[in-house]
Amino acid sequence: MYSSLALLGLTAFQGAHAWGNLGHETVALVATNYVKTATKTWAQDILGDTSKDYLANVATWADSYRYNSAGKFSAPYHFIDAQDNPPSSCNVDYDRDCTNGGCIVAAIANYTNRVQSTSLSDTQVDYALRFIIHFLGDITQPLHDESYDLGGNDIDVTFNGDDTNLHASWDTAIPEQLVGGYSLSDAQDWANDLIKEIDSGSYKSQKSSWVSGLDITDAKGSAMGWATDANAFVCSVVAPNGWDGLENAELYPDYYNGVVDTVSLQIAKGGYRLAKWLDAIAAQASSKKVRRDEGDAVEDEVEQDLSGRTLLPAKKPLTAIQRRRAAIGFGCGDHSH
Ligand SMILES: *[C@@H]1O[C@H](CO)[C@@H](O)[C@H](O)[C@H]1NC(C)=O
Ligand SMILES: [Zn+2]
């Protein structure tokens, strides 16, 4: 068990997955800064939350939900198991890496469709939006786009003397070391710094590349682009010398110093993209509403496959690592739990 969790006062299960609370809330707060007013109204209405933190308030919901019996089915939606050999070869192949039980790319496409549905219950539409807010964060964490050792959960490391693993360090220890806290106001401080970089600093010239290829009519293709982008960092930054040497390594300060800028970049990118993605969904939803009000049958294509089944690759035998994920209930596999 690592100390950051004790400090957070969270259960291990809530804290150990995905970007931790700090990362997810920061992604949400960056997005909050950039969404259009109409998008804000649309999202606040679905979420039933008119507070200024309406996105951040639900940013980690999906990590709790996956541990409810009702939400267990969604556990594989937090990642895609790319099969890499860093530093020489990293890539995401949808048919190879997404399983028939789902993956983050299929989930983003599925919930982008479902959030626009007019036939689902309010709760299901609300859940769809919560999933989108969460998964657009997760997908930017390189180890959520990686199968090796359960996305690094099985690579034991120490961070500043505390026992943890590589995946959890990326999710939690590294962001918390950088920011010096983990509260919502720490997330807001971090978001403010990132927003400044996006508006006028080091991210200004690259932000358009973060959303290039973003196409609301091809959610799966868009999400594949984001997964591929994050997965490339497995080769260049997460394991630039391969996996060897990481097991039992102390990550602070040398490894930390080599990766922390990438962590900030990915959080900023996730937030900026989330804003543009929500803008695109809200715009599409409102144009459909106008056409519907005019009597057109416009929702058909959205309602066609609310199960997302047609998105999934054909059933194929699971790889060894996928069998292990399934055996442990698609949890992160952190054996300290
Ligand atoms: C789409 O979402 C529904 C509701 O959460 C779920 O039952 C279904 O399995 C999802 N499909 C995919 C491909 O993720
Ligand atoms: Zn997650």
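One-based numbering, in listed order, for ligands and for the atoms of each. These numbers come from the heavy atoms of this one structure, side chains and all, not from hydrogens, waters or symmetry mates.
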Within the 4.0 Å heavy-atom cut-off, what Ser307 brings close to ligand 1 is backbone
At under 4.0 Å between heavy atoms, what of Tyr111 touches ligand 1? The answer is side chain
heavy-atom search around atom 9 (O) of ligand 1 in the protein gives Tyr77 OH, 2.9 Å
Atom 13 (C) of ligand 1: closest protein heavy atom, distance to 0.1 Å, is Gly308 O, 3.5 Å
Worked verdict on Glu146 versus Asn231 for side chain to side chain contact (heavy atoms under 4.5 Å, CB included): CA-CA 7 Å; Glu146 177 54 49; Asn231 168 268; 4.1 Å; yes
Would the number of heavy atoms belonging to other residues, nucleotides or ligands and lying under 6.0 Å from [atom1] of [X] be above 12?
X	atom1	result
Asp122	CG	no
Lys316	NZ	yes
Lys207	NZ	yes

### Message
Taking distance alone, with N or O pairs closer than 3.5 Å, would you say Arg309 contacts ligand 1?
### Response
no
Problem - Contact check: Asn110 vs ligand 1, nitrogen or oxygen atoms, below 3.5 angstrom - result: yes
Should the ring pair Tyr272 and Tyr34 be called parallel, tilted or perpendicular, given that the plane angle runs from 0 to 90° and is split at 30 and 60? perpendicular
| What is the ring orientation for Phe135 with Tyr77, classed by angle as parallel under 30°, tilted 30 to 60°, or perpendicular over 60°? | perpendicular
Which of Thr319, Asp81, Asn91 passes side chain to side chain donor-acceptor pair (under 3.5 Å) with Arg96? Answer is Asn91
query: For Phe73, is the nearest heavy atom under 4.0 Å from an atom of ligand 1?
result: yes
Notebook entry, point to check: Gly102 near ligand 1, heavy-atom distance under 4.0 Å?
Noted result: no
ask   = Is His144 close enough that one of its N/O/S atoms sits under 2.8 Å from the Zn ion (ligand 2)?
value = no
Item to check | N/O/S from His78 sitting under 2.8 Å away from the Zn ion (ligand 2) | outcome: yes
The Zn ion (ligand 2) -> Asp138, closest N, O or S atom is OD2
Among N, O or S atoms, Asp63 approaches the Zn ion (ligand 2) most closely through OD1
When rounded to the nearest 0.5 Å, the distance separating CD1 of Ile267 from OG1 of Thr262 is 11.5 Å
